[in-house]
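All remarks here apply to the structure that follows.
In what follows, every chain begins at residue 1, and chains take the letters A, B, ... in the order their sequences are listed.
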2 protein chains.
Amino acid sequence: MKLSTQKRTAILQAAKEAFLSQGFRSTSMDQVAELAQVSKRTVYNHFENKEALFRAVSVGLCAQAKTLPVIYCPHASLHEQLLEIAHQEVKVLTSKPYVAAFRALLVESFELPGIAEQIASEIPDDDSLKDWITAAAKDGQLNCPDTKQATTHFYTLIKGVFFWPVIIGFGTAPKGKERQRYLENTIAMFLGYYSAKD
Amino acid sequence: MKLSTQKRTAILQAAKEAFLSQGFRSTSMDQVAELAQVSKRTVYNHFENKEALFRAVSVGLCAQAKTLPVIYCPHASLHEQLLEIAHQEVKVLTSKPYVAAFRALLVESFELPGIAEQIASEIPDDDSLKDWITAAAKDGQLNCPDTKQATTHFYTLIKGVFFWPVIIGFGTAPKGKERQRYLENTIAMFLGYYSAKD
DNA sequence: CAAAAAGTAAACTGTACAGTGTAGTTTACT
DNA sequence: AGTAAACTACACTGTACAGTTTACTTTTTG
């Protein structure tokens, strides 16, 4: 592997660690260079400036965060399937790297408006839940003319408890039995409204 | 009014404006002093350092953000009452000062961990929704053994659509007809699960 | 193997800003 | 009027950090 590429990778890796553990502002380019075992000038040879480096790191981070798609299965219970999806989602949303990345990005998007859009535009959407709901609706198992709203309801109910409190650093996501209980009740409410019983 | 108190007020007002419009880091103490028409030294005579000034501003901000309490009324429709509560809540959550204050605080809490708790400890809780739900449950109109969870469900469903997207600057809160539609559907789902029909 | 490309260390520039020190002035109270 | 507290202007210290320059070395490539 070319030396130049090795250095580039080292810089990205170092920047990722630094940004995630300390945030954008508190990370200096000197730090990144030292951590990457690279001269500062080399950092600037690969990335025009600090912001460009941050963008590159962010794109890499976002690309990682994907849930396993859960395929709609006409013969299994809706409740069980949604539970599986929910657990998947919670796992990703509460994972250390995801939370750290989201926070770092959030702070930056406050100070550099437009950066979020820039990064988002480079990342494909994750539509696995929406696809599942659409499939279930088509199969006649769900009664929701507005799949977008149903998707929103579902995500919202999960994120409100497992994601946002963690992001803002106010409390932690419920675990174990409590998590299970919340998810079951929530899915019961969701299906109470959306499942096609009649 | 004592001059000293006037100056203090002017400093707080200036700092509030500056912090809300630019955030903590991008606001310099020189700016605050100039905006308050006060010498920099005076700022430091009133507030030990920048962080102390920020805390003082934040406490003031948080104390403002209150929804009007909606009293549970046994004879009115649950749906109507919840709709009223929801509209109240959305109005506060999407108001410019609330959003700006929340953002500023959020960023700071990332960089100065513990500051959120410090500020929160000086602000009384807003329990009006929880009180309403508890009253309705006692009255036998709602069937929810776990009022805390029901409160969470309700807030979560509102914030997920009207608050968090605005905070992270990704999209805006629905307005007018769309807002009404979302709130009605959401309350229908909520009541479908929690209202005591049997 | 020689030129071009990329890397290195270290000193340097320029700027921004928190916080302090000082000497002199204004205000409030007796 | 006299005094203490609070205010002012402004220069100053110290630090942090983005980004550049320089003179030199190593790696890649034709």
Show me the donor-acceptor pairs within less than 3.5 Å that the side chains of residues 46-54 of chain B make with the rest of the protein, sequence neighbours left out.
unit_1: B/N49; atom_1: OD1; unit_2: B/E51; atom_2: N; d: 3.3
unit_1: B/N49; atom_1: OD1; unit_2: B/A52; atom_2: N; d: 3.0
unit_1: B/K50; atom_1: NZ; unit_2: B/F24; atom_2: O; d: 3.0
unit_1: B/K50; atom_1: NZ; unit_2: B/T27; atom_2: O; d: 2.8
unit_1: B/E51; atom_1: OE2; unit_2: B/R55; atom_2: NH1; d: 3.2

key: Parallel, tilted or perpendicular: rings of B/Y182 and A/H153 (30°, 60°)   = tilted
query = Using Watson-Crick and G-U wobble pairs whose two distances are both under 3.5 Å, how do you write the pairing of DNA chain C as dot-bracket, with | for links to another strand?
reply = ||||||||||||||||||||||||||||||
request  = Ignoring backbone atoms, establish whether B/S39 has a side-chain N or O less than 4.0 Å from OP1 or OP2 of D/dC7.
outcome  = no
Side-chain donor-acceptor pairs of residues 11-20 of chain A under 3.5 Å, sequence neighbours excluded:
unit_1: A/Q13; atom_1: NE2; unit_2: A/E17; atom_2: OE2; d: 3.1

query = Looking at side-chain heavy atoms only, is the closest gap between B/F190 and B/L78 below 4.5 Å?
reply = no
query = C/dA6 C1' sits how many Å from A/K7 NZ, rounded?
reply = 10 Å
inquiry  = Need one value for A/E34: base, sugar-phosphate or nothing, where a base atom within 4.0 Å counts as base even if backbone is also close, heavy atoms only.
reply    = nothing
message = Rounded to whole Å, please give me the gap between CG in A/N45 and C1' in C/dA4.
response = 14 Å
ask   = Given side chains that start at C-beta, do those of B/I187 and B/F154 come closer than 4.5 Å, heavy atoms only?
value = yes
message = Any side-chain N or O of B/H46 below 4.0 angstrom from OP1/OP2 of D/dA6?
response = no
request  = Just grab all the salt bridge (Lys or Arg N to Asp or Glu O under 4.0 Å) pairs involving residues 73-91 of chain A, residues at least two apart or on different chains.
outcome  = none
message = What does the B/S/- profile of nucleotides 18-30 of chain D look like, 5' to 3', with a 4.0 Å heavy-atom cutoff to protein?
response = BBBB-----SSS-
note = side chain to side chain donor-acceptor pair (under 3.5 Å) test vs A/Q180 passes for just one of A/E184, A/E178, A/K177, namely A/E184
query = Under the side chain to side chain donor-acceptor pair (under 3.5 Å) test, which residues partner B/S39, sequence neighbours left out?
reply = B/T42
